[in-house]
Amino acid sequence: YEGVFLKNPGYRTGSEYAPKISQVNVRFIADADSALSALRSGEIHLYYGVPETKYDIVESDSKLHLQSTPSNAVSYLLFNTANREVSKSSDLRKAVLYSINQDEILQFYKNNKLKAFSTLSPLVQTGNELKADPAKVKEFLSKYNASK
């Protein structure tokens, strides 16, 4: 589906700010690959929210220009912990936490995402950086196993 926006004929007429575009159509395309195909074929003229894993396609197309800006958006990795051991044991949760390698996750996104410093925003560098630590994983797994 799409939204059609028409120029307001009374908006700042006669000024340098008078609208120069008569109509804007905003199409809502649910699938990212379909939206990118529509952009590449000229069917649409702007695609806001190109997935980071598709940047290389846009950058390699001479008809397109990629603009990006750091974002406050946060992606979460969630686990279903209901009725599972991980919900009952802080040591097991810590083992999982220290097993997460942010660098590997960033590589998947071709380093087009920012490291997590905070759950509020990746732009707020708190000085806290979670680093994968196999020794801590073993330590917390040992504590968990000893508590069983």
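Closest of all the heavy-atom pairs between L92 and S89 is N-OG, 3.0 Å. When all heavy atoms of T13 and A18 are compared, the closest pair comes out as CA-CB, 4.3 Å. For D91 against F140, the heavy-atom pair with the smallest separation is O-CB, 3.2 Å. Of all heavy-atom pairs spanning A35 and Y47, the tightest one is CB-CZ, 3.6 Å. Residues V96 and S99 approach most closely at O-OG, 2.6 Å, considering heavy atoms. Residues K63 and R40 share a closest heavy-atom pair of NZ-O, 3.3 Å.
The hydrophobic clustering, which links ILVMFWY residues whose side-chain heavy atoms are closer than 4.5 Å, places L39 and L66 together. The cluster map of Ile, Leu, Val, Met, Phe, Trp and Tyr, joined by side-chain heavy atoms under 4.5 Å apart, puts L114 and L106 in different clusters. Y55 and L64 fall within the same hydrophobic cluster, defined by Ile, Leu, Val, Met, Phe, Trp and Tyr side-chain heavy atoms under 4.5 Å apart, directly or through other members.
Within the structure, ring-ring contact (aromatic ring centres under 6.0 Å, His included) pairs that include any residue of residues 8-41 comprise Y1-F28 (at least two apart or interchain).
Between D133 atom CG and I100 atom CD1 the span is 13.0 Å, to the nearest 0.5 Å. Taking CG of L130 as the reference point, atom CG of N101 lies at 9.0 Å (rounded to 0.5 Å). Between the CD1 atom in I44 and the OG atom in S37 there is a gap of 9.5 Å [rounded to 0.5 Å]. Distance check: K54 NZ to E59 CD gives 14.0 Å after rounding to the nearest 0.5 Å. Within the model, atoms CD of Q102 and CD of E129 stand 6.5 Å from one another, a figure rounded to the nearest 0.5 Å.
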TODO: Show your reasoning for whether side chain to side chain contact (heavy atoms under 4.5 Å, CB included) applies to N145 and K143.
DONE: CA-CA 6 Å; N145 287 324; K143 286 182 181 180; over 6 Å; no
Task: Trace of the side chain to side chain contact (heavy atoms under 4.5 Å, CB included) decision for T53 with N112 - done: CA-CA 8 Å; T53 55; N112 290 315; over 6 Å; no
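A 6.0 Å sphere centred on CG of L6 holds more than 12 heavy atoms belonging to other residues, nucleotides or ligands. Taking a 6.0 Å sphere around CG of N83, one finds it holds 12 or fewer heavy atoms contributed by other residues, nucleotides or ligands.
Judged by distance alone, the side chains of Y144 and E85 do bring a donor and an acceptor atom under 3.5 Å apart.
Side-chain atoms of K88 and V86, non-hydrogen and from C-beta on, never get closer than 4.5 Å to each other. Looking at heavy atoms from C-beta onward, D103 lies out of side-chain contact with K131 at the 4.5 angstrom threshold. Two residues are said to be in side-chain contact when any heavy atoms from C-beta on lie closer than 4.5 Å; K7 and I21 fail this criterion.
Side chain of S41 to backbone of A38: a donor-acceptor contact under 3.5 angstrom is found. Of the possible donor and acceptor atoms, none in the side chain of R27 sits under 3.5 Å from a partner among the backbone N and O of E2. Between the side chain of S87 and the backbone N or O of R84 there is at least one donor-acceptor pair closer than 3.5 Å.
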